[in-house]
Each structure stands twice: as C-alpha cells, then as structure tokens.
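Notes to accompany the following structure.
Just so it is clear: chains get the letters A, B, ... in the order the sequence lines come, proteins before strands, and each one is counted from 1.
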2 protein chains.
Amino acid sequence: MKKFIPILKKSRLFAGVGAEDITSMLSCLDARLHSYKKGENVLRQGEHISDIMVLVSGELHVQRDDYWGNRSIVNRITVGEMFGEAYIAPESGALLNDVVAIEDSNVIFFDVRRIMTVCSSACKFHSTVVQNLFFSISEKTKNLVLKLGHLSKRTTREKLISYLSEEAKRNNSPSFVIPFNRQQLADFLSVDRSAMSNELCKMRDEGLLEFEKNHFRLL
Amino acid sequence: MKKFIPILKKSRLFAGVGAEDITSMLSCLDARLHSYKKGENVLRQGEHISDIMVLVSGELHVQRDDYWGNRSIVNRITVGEMFGEAYIAPESGALLNDVVAIEDSNVIFFDVRRIMTVCSSACKFHSTVVQNLFFSISEKTKNLVLKLGHLSKRTTREKLISYLSEEAKRNNSPSFVIPFNRQQLADFLSVDRSAMSNELCKMRDEGLLEFEKNHFRLL
DNA sequence: ACAAATCGGTTGTTTTTACAACAGAAAGAG
DNA sequence: CTCTTTCTGTTGTAAAAACAACCGATTTGT
C-alpha cells in the first residue's frame, strides 16, 4: 500500500496532507488495498457499502446495464478520484450502479465512519480530510448536474454539442482529447452508437468540428 | 425567523438538534431569511454563492431554460430540504441552474464556511450539523443518480416507467400522487409534453397503469 | 506474421419523437 | 356567475433516433 502514498498525496481527499501524515492515517482510517483486473467489478449494483474508495491506479467506469443490455456509463473515475460518497449515510440503501475496472486497477477502501468521526488519537490533519471530503462530494455533485445538462438535451446533436462544449471549456481549448471511444461516448450520452457516429460526421461535413479518433476540435 | 425554528428542527440539516440549540446556532451560522413570491428567482444561473440554503416554506424548482426555450427541471425542493450544496467548494464557480419559487416561499441562507469550520464558541451540536450536511449531500447525490437513471432511458415510455416505478417504490405502494403536472413532468423527464401525454394514454389503454390527474396506479 | 476481435463509418428501414395546432375540461380571477 | 387562462388529451406531419447489417481499418493476442 505504501507505494501508493504519493498518489494519495495528490488526491483530492488528502490534499494538503503530508506523506508521513497520510501514512499514519492509513491505519486510523482502516485503509485496505484491493486489486482488480481489467473487466472485473469493483462494486456491484445491489451491494451495501460503508466505505469511501480512492482509485490509485487504472481507470473505472460507473455504469449500469438494463434488462435489454443497454449500457449506460454514469461516470468515469480517474486516478486520485474518490467514489462511493453517495452511500455514506447509514440509510443509503443498496448501490444503484456497477463500478467496473476498464484497466487493471488498484483501489484503497477507507472506513467512512472513521473519516467522519474525529478520532481520539487526534490526527492533526483529520479536519483537513473532512473538509476535502466535503469539497470532493460537492465537486462530484456538480459533475452529475453537468451530465444531467447533457442528457436533458433532446437530440443526439444537441447532446454532442453540450458534451463537447463542456470538454472544450474544461480544457480551455477548442482542441482536446476525449477519454471515450465511440461506443463509450454513446453509452455516456445514452444514445445509439451508429446514429451518433452518423451525426458526428454530418456535423463535421457542416464544418462545425473536426475529429480524428478521440481528438476533437470545435470550429 | 423564529417562527421557522420548528421547520428547521424537522429538516435534514438540523436533525437531532433541539429548538434552543438551533436558535443559538442561527447567529453562529449567520442565518438570513429571504422571502420570494411565486415565480421569483431565488438563485440565477451564473451567480456565485458561498451559502447553504434551507427551504422553510413553499416549494422550489431547480431548472434551466436553454436558448430555444426548452425548460429542464433538474430537481424539486420541498420544505425542510437543503440546496446549494454543490457549490460549497471555494473553486466551484458559477451556478449552473436557476432556482425558482413555484409557490410563495421562504428560504434561510447559512454561511457555508461557518458550518464547516468548528466555531470557537463551541456549539455542542456543531458536529451533528456537520454530519447531517454530509448525509444530506450524499442523499442528494443519490437522487441525482436516480434521475440520471431515468434520463438515460432511450424512449419516453421507458423514462416514464423508470420514473413511475421509482415513485411507487418510494411510496411503498403501486398507487401514489406525483408532485408534477403534465408539463412539469415532461420538463423533468426532458421529453415533449404532448408525446408524453400520448404515451401515457397508450400505456393506460394497454392496461399498464391507471391515472387521474396527478394520481397514478401501476398495475 | 497471422487470425481474431474491436472499432468506426455507412446505409436503409422501422419506430419514436418533436412540433404544431386544436378542443374540451378544469381552475382561477374579477 | 362569467370570462379568461391553464391544463390535458388528441391528431397529423415532419424530423430524428433506434436498429440491424455490413465493411474496411486498426488493434490485439498468440
């Protein structure tokens, strides 16, 4: 677990906490390291958890497949990001989505009650972590609202424009690389892949944008 | 403001805190009461806030109108509920949505930094409120994920089934009243009202459900 | 290097939605 | 009570999406 301390140090949850302090907090927060092969489930819909998790290597998708096999990618989790924060309340109930490793990944689990309760051994950075947890949840809430903004658009074209504009804004550039292939982007925007591909090409022909693979440029 | 103490007492944010303690916390948290007429904006897209707000009377919609006049209802806020929690991080940026009073409403604003920072005057219930804030945000995150589940459905019928099933589950009954009229439901599910109305009637004719006004029964 | 799997684009057909326009019912205002 | 406004259902049409099937290119695994 020690080799991931530098990752944790750069994570949102431990921002502002030194490596030595993180080390001492690991046991305080009951940290457990788990490894997953590409394609494995980290969490399954229906499970109950009482942990906050931080991804320290690899990449994850929060997704859900319905009865008809339609996959919906709710969220993407990158190294240093936290997840599980929607289920910290005791009465949260079962997980609504699967969390799947789309690359070989390592995840550290933390006991959420130990984070929220000030420990008697007085870790001096505990309050920093509590505040970081607030900000992380807040940030993720905002991302969900952004995504709702995309999905609330009526047509595939509007959804694409909403998403791509957002990415351009995030990158401070009209030229950027998206973290999805076509099928994943379609699953993320909840549209049909071929229809989306078709629409993208139409938009390109109309001079709205250029793309090659995952690299896009808005014009 | 005092007349709303009983409401705050029943709110998620102040759960477990007595009326007298709430009273003393009001100044500690820099509480400010604002009133709004039906139709007025509580918050506007683009504004910056550093507060957490609790609705103490009336009802609010979190919504957004796009360039073409399509309205999207992101969320509904009822008495005792908190909002603004997605913007508590210092770097949160501008509000993404409007918050509009759909009835005459009263809202209490709290300084978010005073909630998150333990006050020197040692309100003994401060840590309770901090934990409540965690649970509230967590709960709202979960609601957003639920809504994403509805919007990620491809057809109007599937969206309706997803939403109505959820409501039935929440009410522990196949028979329930929804808090939206047809136009609002359409805006909430991001579909066209007439098409939705049409689909609802088809579903009724097929024997999937019954409804009269806002009262639905799944069969 | 070769076979297999994945990926992205294309096309045609069917289904579904958006849009517009209208009418009866219900609710609200004066 | 009457007039006005809002709400809901209905219909027809045009636009868009889903679906299915296919192909060439690229990537992956052995």
Side-chain angles (χ1 to χ4, degrees), chain A residues 37-39 61 65-73 102-104 150-164 177-206 208-216, chain B residues 37-39 61 65-73 102-104 150-164 177-206 208-216:
Chain A
K37 292 278 176 206
K38 176 177 177 175
H61 277 180
D65 302 326
D66 69 12
Y67 343 84
W68 282 74
N70 280 319
R71 172 162 298 168
S72 173
I73 298 177
I102 61 166
E103 298 173 9
D104 291 358
H150 304 146
L151 286 198
S152 68
K153 295 289 183 292
R154 306 293 216 269
T155 67
T156 298
R157 173 174 294 220
E158 283 178 312
K159 283 175 184 155
L160 282 167
I161 290 175
S162 178
Y163 170 72
L164 294 172
V177 175
I178 66 169
F180 297 123
N181 64 31
R182 294 290 184 277
Q183 182 63 59
Q184 290 171 334
L185 179 57
D187 290 342
F188 184 75
L189 296 178
S190 290
V191 295
D192 179 71
R193 181 196 60 80
S194 67
M196 185 192 76
S197 191
N198 196 272
E199 198 64 34
L200 272 175
C201 293
K202 276 191 211 163
M203 288 163 77
R204 182 192 52 200
D205 296 344
E206 292 173 24
L208 290 174
L209 49 77
E210 293 170 352
F211 58 86
E212 192 192 325
K213 295 207 167 201
N214 297 354
H215 183 262
F216 286 76
Chain B
K37 292 276 175 207
K38 177 176 178 176
H61 277 181
D65 302 326
D66 70 12
Y67 341 87
W68 282 72
N70 280 319
R71 171 163 298 167
S72 173
I73 298 176
I102 61 167
E103 297 173 10
D104 290 358
H150 304 145
L151 285 197
S152 69
K153 296 290 185 290
R154 304 295 214 270
T155 66
T156 298
R157 172 174 294 220
E158 283 178 313
K159 285 175 183 151
L160 281 168
I161 290 174
S162 179
Y163 170 72
L164 294 172
V177 174
I178 66 170
F180 296 123
N181 64 31
R182 293 291 184 278
Q183 183 62 60
Q184 290 171 334
L185 179 57
D187 290 342
F188 185 76
L189 297 178
S190 289
V191 294
D192 179 73
R193 181 197 61 79
S194 67
M196 185 192 77
S197 191
N198 195 271
E199 198 64 35
L200 272 176
C201 292
K202 277 192 211 163
M203 290 164 77
R204 181 193 52 200
D205 297 344
E206 291 173 25
L208 290 174
L209 50 77
E210 293 170 353
F211 57 87
E212 193 193 325
K213 295 207 167 201
N214 297 354
H215 183 262
F216 286 76

Rounding to a whole Å, what distance do you find between [X]:[atom1] and [N]:[atom2]?
X         : N       : atom1 : atom2 : result
Leu185(B) : dT6(D)  : CG    : P     : 20 Å
Lys202(A) : dA16(D) : NZ    : P     : 7 Å
Arg154(A) : dC19(C) : CZ    : P     : 7 Å
Gln184(A) : dC7(C)  : CD    : P     : 7 Å
Met196(B) : dT8(D)  : CE    : P     : 8 Å
His215(A) : dG8(C)  : NE2   : P     : 16 Å
Met203(A) : dA16(D) : CE    : P     : 13 Å
Asn198(A) : dA18(D) : CG    : C1'   : 12 Å

Where the side chain of [X] is concerned, which of [options] is the nearest nucleotide?
X         : options                   : answer
Asp192(B) : dA18(D), dC19(C), dT10(C) : dC19(C)
Ser197(A) : dT11(D), dG9(D), dT10(C)  : dT10(C)
Asn214(B) : dT8(D), dT11(C), dA18(D)  : dT8(D)
Val191(B) : dA17(D), dT17(C), dA18(C) : dA18(C)

So, under a plain 3.5 Å distance rule, would you say the side chain of Ser194(A) forms a donor-acceptor pair with the base of dA20(D)? yes
When you measure from the side-chain N and O atoms of [X] to the phosphate of [N], is any distance below 4.0 Å, counting only OP1 and OP2?
X         : N       : answer
Thr155(B) : dT16(C) : no
Asn181(A) : dC7(C)  : yes
Lys213(A) : dT27(D) : yes
Thr156(A) : dA17(D) : yes
Arg182(B) : dC7(D)  : no

Using heavy-atom distances to pick each residue's nearest nucleotide on DNA chain C, tell me which of Ser190(B) and Ala195(A) is more 5'.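 Going by which nucleotide is closer to the 5' end, it is Ala195(A).
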Less than 4.5 Å apart, side chain to side chain, heavy atoms only: is that true for [X] and [Y]?
X         : Y         : value
Ser162(B) : Lys159(B) : no
Leu151(B) : Ser190(A) : no
Leu160(B) : Leu185(B) : yes
Met203(B) : Phe211(B) : no

Are any of the side-chain nitrogens in Arg157(B) or Glu206(B) under 4.0 Å away from the carboxylate oxygens of its partner? yes
So what does Arg193(B) touch, heavy atoms closer than 4.0 Å: a base, only the sugar-phosphate, or nothing?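 If one applies the 4.0 Å heavy-atom cut-off, Arg193(B) turns out to touch a base.
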